[in-house]
Number of protein chains: 2
Amino acid sequence: MLMRIGQVAKRAGVNVETIRFYERKGLISQPLRTSGGYREYPHEAIARIRFIKRAQELGFSLTEITELLSWQTDPRATCADVKQKAEAKISTIHGRIKDLQKMKRSLEQLAAACKGSGPLNDCPIIDCFETQKEKED
Amino acid sequence: MLMRIGQVAKRAGVNVETIRFYERKGLISQPLRTSGGYREYPHEAIARIRFIKRAQELGFSLTEITELLSWQTDPRATCADVKQKAEAKISTIHGRIKDLQKMKRSLEQLAAACKGSGPLNDCPIIDCFETQKEKED
DNA sequence: ATACACTCCGTACCATGGTACGGAGTCAAG
DNA sequence: CTTGACTCCGTACCATGGTACGGAGTGTAT
């Protein structure tokens, strides 16, 4: 029933080093040890690592995941806490998407204006980077 | 006409340390020195730092900007090189946007499914993180 | 009994884009 | 001629999310 770190890593799809890293960071609690000093994990450890990975895929940082995990076992934590966190994350992601879309639009305009042949003298892309927008000091 | 590092930093809107950092990284060439050992910059140095900043705003990394800058003064570099780089960047940004949109959609679905009250027992967000997707080893 | 796989630990290292520190030297004004 | 602002340099440090290393101990199979 109990597993050693290598098997947990394999079944959770991460490196052994990553598990130790999560333990150091407090995302995974210190497991019991065998008489020989080996870490012994219950089956739930795999679920916990998967929890971390899925939350990461949804854009949460390890620091935020630490908070989510602490709520998971805190009887005072409410659905509202989690929902609020999710909504804050949605809004952060939204902002990031907007930024990237702006970048993309600018680049697309520049690329469209660039005929794509000849030397750089009049390349609109390079021109854009070179344009002076200096404020006098 | 020539400026010292502090003035360049001020006029370009970056820290002195950032200019030294760019110099170490090869984004800015080693400037001439005064007899006292101070760096002396021509006016174009400001333009070069602004070039870096604008390219960064459009999503280019310092490594990529180094390449763009080297092209800027290379007579063999063509518009096509730059355009190709811009289009590659557009496509990278596009991919990143898609990823973020996927994250956002998933989070929105979870947040919508979460009534936002009561304890965590049945919170669909936490449930999602907890869901087992184990492959048998 | 010995080879081999696994695990232990601390620490260093990777990329990214800087920021901070501290002791020394330079330069201009008062 | 001293004060204060600026600059010099190398190095360490920040966050982020891990990965790699190396020497030692453990556990198991043959």
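Just so we're clear, the structure is a prediction, and the values are computed from it rather than from any experiment. Below, chains carry the letters A, B, ... as their sequence lines are ordered, and counting in each starts from 1.
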Does the [X] side chain pair with the main chain of [Y], one donor and one acceptor, at a distance under 3.5 Å?
X	Y	value
A:R54	B:F129	yes
B:E67	B:E64	no
B:S91	B:E87	no
A:K89	A:G59	yes
B:R39	B:T34	no
A:K104	B:I93	no
A:T66	A:L62	yes

Given atom [atom1] of [X] and atom [atom2] of [N], what is their separation to the nearest angstrom?
X	N	atom1	atom2	answer
A:Q7	C:dA5	CD	P	18 Å
A:I65	D:dG17	CD1	C1'	11 Å
A:I5	D:dT26	CD1	P	17 Å
B:I49	C:dG17	CD1	P	16 Å
B:Y41	D:dC6	OH	P	16 Å
A:E23	C:dG10	CD	C1'	14 Å

Nucleotide of D:dC8, D:dG17, C:dC9 approaching A:R39 most closely (side-chain heavy atoms):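 Closest nucleotide among those given: C:dC9.
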
Heavy-atom neighbours of A:K115 NZ exceed 12 at 6.0 Å: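 Yes, the 6.0 Å shell around NZ holds more than 12 heavy atoms from other groups.
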
Flag if over 12 foreign heavy atoms under 6.0 Å of NZ, A:K102: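 No, the 6.0 Å shell around NZ holds no more than 12 heavy atoms from other groups.
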
Transitive ILVMFWY side-chain link A:V16 to A:I46, under 4.5 Å: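 Yes: a chain of side-chain contacts under 4.5 Å links A:V16 to A:I46.
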
ILVMFWY cluster, B:V14 and B:Y38 together (side-chain gap under 4.5 Å):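 B:V14 and B:Y38: separate clusters.
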
Members of residues 29-38 of chain A that approach DNA chain D, where some heavy atom sits under 4.0 Å away: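 Contacting residues: A:G36, A:Y38.
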
Partner residues of B:D74 under the side chain to side chain donor-acceptor pair (under 3.5 Å) criterion, sequence neighbours left out: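 Residues passing side chain to side chain donor-acceptor pair (under 3.5 Å) with B:D74: B:R76.
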
Base-pair map of DNA chain D as dot-bracket, where | denotes pairing with a different strand and pairs are Watson-Crick or G-U under 3.5 Å: ||||||||||||||||||||||||||||||

Base versus backbone protein contacts along nucleotides 19-24 of chain C [heavy-atom cut-off under 4.0 Å; B, S, -]: BBB---

Upstream residue (5' side of DNA chain C) when B:K53 and A:G6 are each assigned their closest nucleotide: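 Taking each residue's closest nucleotide, the earlier one in sequence belongs to A:G6.
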
Residue whose closest nucleotide on DNA chain C lies nearer the 5' end, B:F60 versus A:V16: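 The answer here is A:V16.
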
Partner residues of A:S106 under the side-chain contact (heavy atoms from CB on, under 4.5 Å) criterion, sequence neighbours left out: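 Partners of A:S106 under the side-chain contact (heavy atoms from CB on, under 4.5 Å) test: B:L58.
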
Could you list the protein-to-nucleotides 14-16 of chain C atom pairs, N/O on both sides, closer than 3.5 Å?
none

Check: A:L68 and A:F51 side chains under 4.5 Å, non-hydrogen atoms: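 Yes, side chains in contact.
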
